[in-house]
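Below is one structure; the comments refer to it alone.
Below, chain A is the first sequence line, B the second, and so on; all start at residue 1.
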Amino acid sequence: MAAPDLVDPKSATHSSKPRRSFSAKSITLSPTEECQAIATVMKWKTVSAIFLLVVLYLVVGAAVFKALEQPHESAQRLAILTQKLDFLSTHSCVNHSQLEELVKQVVSAIRSGVNPAGTLTNHSSLWDLSSSFFFAGTVITTIGFGNISPHTEGGRIFCIIYALLGIPLFGFLLAGVGDQLGTIFGKATARVEKMFVQWDVSQTKIRVLSTVLFILFGCLLFVALPAAIFKHIEGWSALESLYFVVITLTTIGFGDFVAGGSEIEYLDYYKPVVWFWILVGLAYFAAVLSMIGDWLRVISKKTKEEVGEIRAHAAEWTANVSAEFKETRRRLSVEVYDKFQRAASIKSKMSSELGLNSDPELTPPKRKMSVNFTNELDREKEPVSPPVTNKNGSPFLNGKGVDPKRGDIAITPQVEVTTFNL
Amino acid sequence: MSSGYKSWILLTGFILFYVAYLLLGALVFSTIERPVEDKLKSDIQVLKEEFLNQSCVNATSLENFLEKVLQANKYGISILPNSSASSNWDLASSLFFANTLVTTVGYGHTTPLSDTGKAFSIFYALLGVPFTMLVLTACVQRLMHPVTYGPIDMCRQRIGLDPLAATAVHFAILLLLVVLGFFVVPAVVFSHIEDTWSFLDAIYFCFITLCTIGLGDYVPGEKPGQKFRSLYKISVMVYLFLGLMMMYLVLRAFHRMADLHGLTSFFQLPHCDEDTEEDKEPIIEADPEDQHEAEASAKPLDPASQTSYNTINR
């Protein structure tokens with residue numbers, strides 16, 4: 001029976017499980033990622049549908065952000081204006097324009113990274129070697145915090161050239177690190193799979209389990225642990241540390257929170273360790289993000305597939321079942337015909353033995369039998385048909401299941417042939 | 001085993017080279033920027049002293065005031081009079097913000113202030129970033145045909161160049177067009193609209209944005225009293241999206257070209273191993289693809305045959 005296998009659509013779609021690709025940094029490695037994916041090109045309809053979905057996603061996000069942030073912003077604005085008025089009233093020798101001039105200068109200084117608040121003598125430079133190293137790192141990884149940025153023309157031109165060469169370089173590095181991570185994980189999964197295969201757990205469950213484990217373990221190592229460290233060292237809240245970790249590792253890099261960017265005395269090895277964490281964490285995040293992307297792609301493909309497959313399966317199943325049905329009917333009709341033939345031959349033998357007692361009533365039933373027999377075949381939906389076969393498949397056991405129209409001849413080879421119900 | 005060994009060596013080589021590159025960058029940035037920074041520091045110190053000298057304000061109250069002003073400024077709120085009209089979180093600006101979040105540019109000129117906003121940003125980014133990447137790669141995949149394969153084929157057939165030369169020529173032309181169309185022309189437009197930006201600033205902005213670095217020192221549409229602010233911000237969003245797509249396209253074309261010229265195998269980098277014939281398949285017909293997929297999905301998973309996790313879906 002081929003039908004039961006095909007009825008279950010899941011068995012056919014088990015291979016479209018989320019595929020994890022580690023060499024998938026967002027910018028430079030999307031070609032690589034692409035090449036390792038199945039080379040299916042989407043139709044324009046699908047692409048525009050997804051595009052509309054993205055636009056919708058953006059609009060929804062915008063509305064939520066607006067609702068969440070605007071009240072805060074108004075409150076802040078109000079607070080700072082009150083401050084300003086307070087200041088002006090307490091210090092009456094200062095007038096508006098002077099204060100505004102000062103504030104303008106201060107703000108532009110802040111934009112250049114100089115913090116005018118506090119004494120400036122022992123303030124460390126933003127462009128000493130370690131901070132410049134950190135800045136170069138943020139440029140190449142495309143995080144781009146922005147708490148430091150070049151202000152000279154020469155600095156900016158150099159920044160452009162530097163990024164042009166450095167971003168692909170970092171992309172290759174990320175590919176390498178990601179691949180190493182991938183092989184390590186692949187070996188671990190293979191070992192786990194070997195263990196589980198003995199216990200007869202299905203492949204898909206193992207894959208899902210290993211993916212989940214990967215995510216959890218990676219989260220612990222690259223997200224939770226650094227967040228705890230940042231909370232402790234930088235003095236941020238738990239949410240702020242987590243926010244910083246996510247914003248950094250997705251290379252968004254707002255710059256409102258920067259590890260190593262505040263006025264605290266840091267240990268010497270703090271910044272290099274942060275940089276190393278960024279490197280490995282980026283590889284991990286690229287893997288997770290590409291996995292989420294794969295799932296999204298798989299979901300859209302899967303729904304398309306499943307709809308098509310369900311239809312195909314349904315058609316195949318109905319075809320199979322009706323074929324089976326026809327086959328069974330054919331078999332049964334052949335059996336019935338055989339049995340009737342035998343009965344007829346036995347009857348003729350018996351009548352010849354009994355002499356010339358040709359019972360005229362016997363012959364019509366025979367004919368009626370054959371006539372009804374053919375009618376019987378045509379009338380498949382007759383309620384008669386179920387009684388034709390019982391459990392053993394042999395018709396007319398014990399003389400039951402007799403059709404009065406047929407002239408009720410119960411024929412069984414085993415029962416004594418003398419019993420004829422007329 | 002030797003190939004695994006070799007890949008480790010290559011990786012270490014890459015890391016060392018990368019570190020050296022960073023050091024070089026650090027040195028150069030330091031040398032260029034430091035003098036300017038020192039001058040700015042002394043200027044601001046002088047300004048403060050002047051202010052304190054001619055007024056009755058004492059140092060501590062000024063410090064307090066400045067702290068608060070800077071705190072507010074960090075979140076994009078300025079106390080200068082003509083900037084109080086527009087909010088940073090009206091619908092167009094929030095849309096712009098969501099866009100910078102999702103394309104990973106992340107300027108940082110406005111950042112979520114509330115805790116709920118921060119938490120929401122985390123989830124929004126985690127979902128939105130792969131989503132955007134998916135859309136961009138899908139669009140780029142579609143665009144590769146008319147933009148890359150078509151012209152290259154035309155080059156080969158009409159002009160009769162061999163494949164290597166054709167791809168190189170095509171890539172050069174593509175690069176030139178992208179630079180003109182997505183860097184130079186927008187830079188001219190930006191430097192015209194934004195008063196304080198020079199042409200170099202505008203090109204710098206375009207580059208930093210399209211590489212998704214997004215330092216945030218230059219953000220369009222932040223000028224107080226900007227006319228048609230919402231429309232401007234939305235058109236910048238469109239520019240960002242199209243520009244990103246073009247960058248991906250250029251990268252992909254470069255990757256294919258490098259593949260053909262054998263550079264990727266030289267550096268042991270991943271290949272573009274999709275066949276060009278497959279790519280040239282008519283995209284409108286769904287049946288060959290679906291058939292292929294159905295065949296592929298009908299094969300059972302054989303644990304022994306999977307050498308790497310990446311080959312599961314083949």
Side-chain angles (χ1 to χ4, degrees), chain A residues 15 19 30-32 35 39 41-42 47 50 54 58 61-62 65-66 68-70 72-73 76-77 80 83-84 87 91 93-94 102 105 107 109 112 114 116-117 120 127 132-133 136 142 144 146 149 152 154-156 160 162 173 176 186 203 243 246 250-256 289 292-293, chain B residues 11 14 18 22 25-26 29-30 32-34 36 40-41 44 47 51 55-57 65-68 72-73 77 79 89 94-95 98 104 106 108 111 113-114 116-118 122 124-125 129-130 134-135 137-138 141 204 207 212-217 252 255 270 272 274 278 283 297 301 309 313:
Chain A
S15 62
R19 178 185 61 81
S30 52
T32 322
C35 301
V41 182
M42 294 189 202
V47 172
I50 298 181
V54 169
L58 285 177
F65 276 122
K66 173 169 182 236
L68 287 174
E69 293 294 322
Q70 226 169 9
H72 265 260
E73 186 199 21
Q76 278 269 355
R77 186 167 278 152
I80 199 67
Q83 282 282 331
K84 177 179 168 187
F87 187 82
H91 305 95
C93 54
V94 181
L102 176 70
Q105 300 273 11
V107 163
S112 317
V114 177
L120 293 170
W127 291 103
S132 305
F133 187 86
T142 78
S149 56
T152 57
R156 288 188 183 137
I160 291 177
Y162 191 73
L173 177 68
Q203 275 268 298
Y243 170 76
V246 171
T250 48
T251 79
I252 296 175
F254 282 132
D256 48 354
L289 288 175
I292 297 180
Chain B
L11 182 66
F14 264 134
Y18 174 68
L22 285 181
F29 277 123
S30 192
I32 296 180
E33 292 290 321
R34 196 114 183 225
V36 178
L40 192 60
K41 263 195 216 173
I44 207 77
L47 185 74
F51 187 80
S55 72
C56 47
V57 183
F65 181 68
L66 284 179
E67 287 264 356
K68 298 210 175 70
N73 195 64
I77 300 171
I79 67 167
W89 292 100
S94 304
L95 197 61
T104 79
T111 52
L113 300 167
S114 57
T116 341
K118 291 190 178 108
I122 292 176
Y124 192 76
V129 171
L134 180 67
V135 176
T137 42
Q141 230 186 348
Y204 171 74
F207 180 78
T212 79
I213 298 176
L215 287 171
D217 44 359
R252 217 170 122 90
H255 196 228
C272 234
E274 49 186 314
E278 260 184 58
I283 304 154
S297 58
L301 271 181
Y309 201 75
N313 259 4

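B:T104 and A:T250 make their closest contact through CG2-O, 3.4 Å (heavy atoms, listed as atom of the first residue, atom of the second, distance). Considering all non-hydrogen atoms of both residues, A:I160 and B:Y204 come closest at CD1-CA, 3.9 Å.
Rounding to the nearest 0.5 Å places CZ of A:R156 at 10.0 Å from CG of B:L215. The structure places CD1 of B:I122 at 8.5 Å from OH of A:Y243, a figure rounded to the nearest 0.5 Å.
Heavy atoms closer than 4.5 Å to chain A are found in both the backbone and the side chain of B:Y124.
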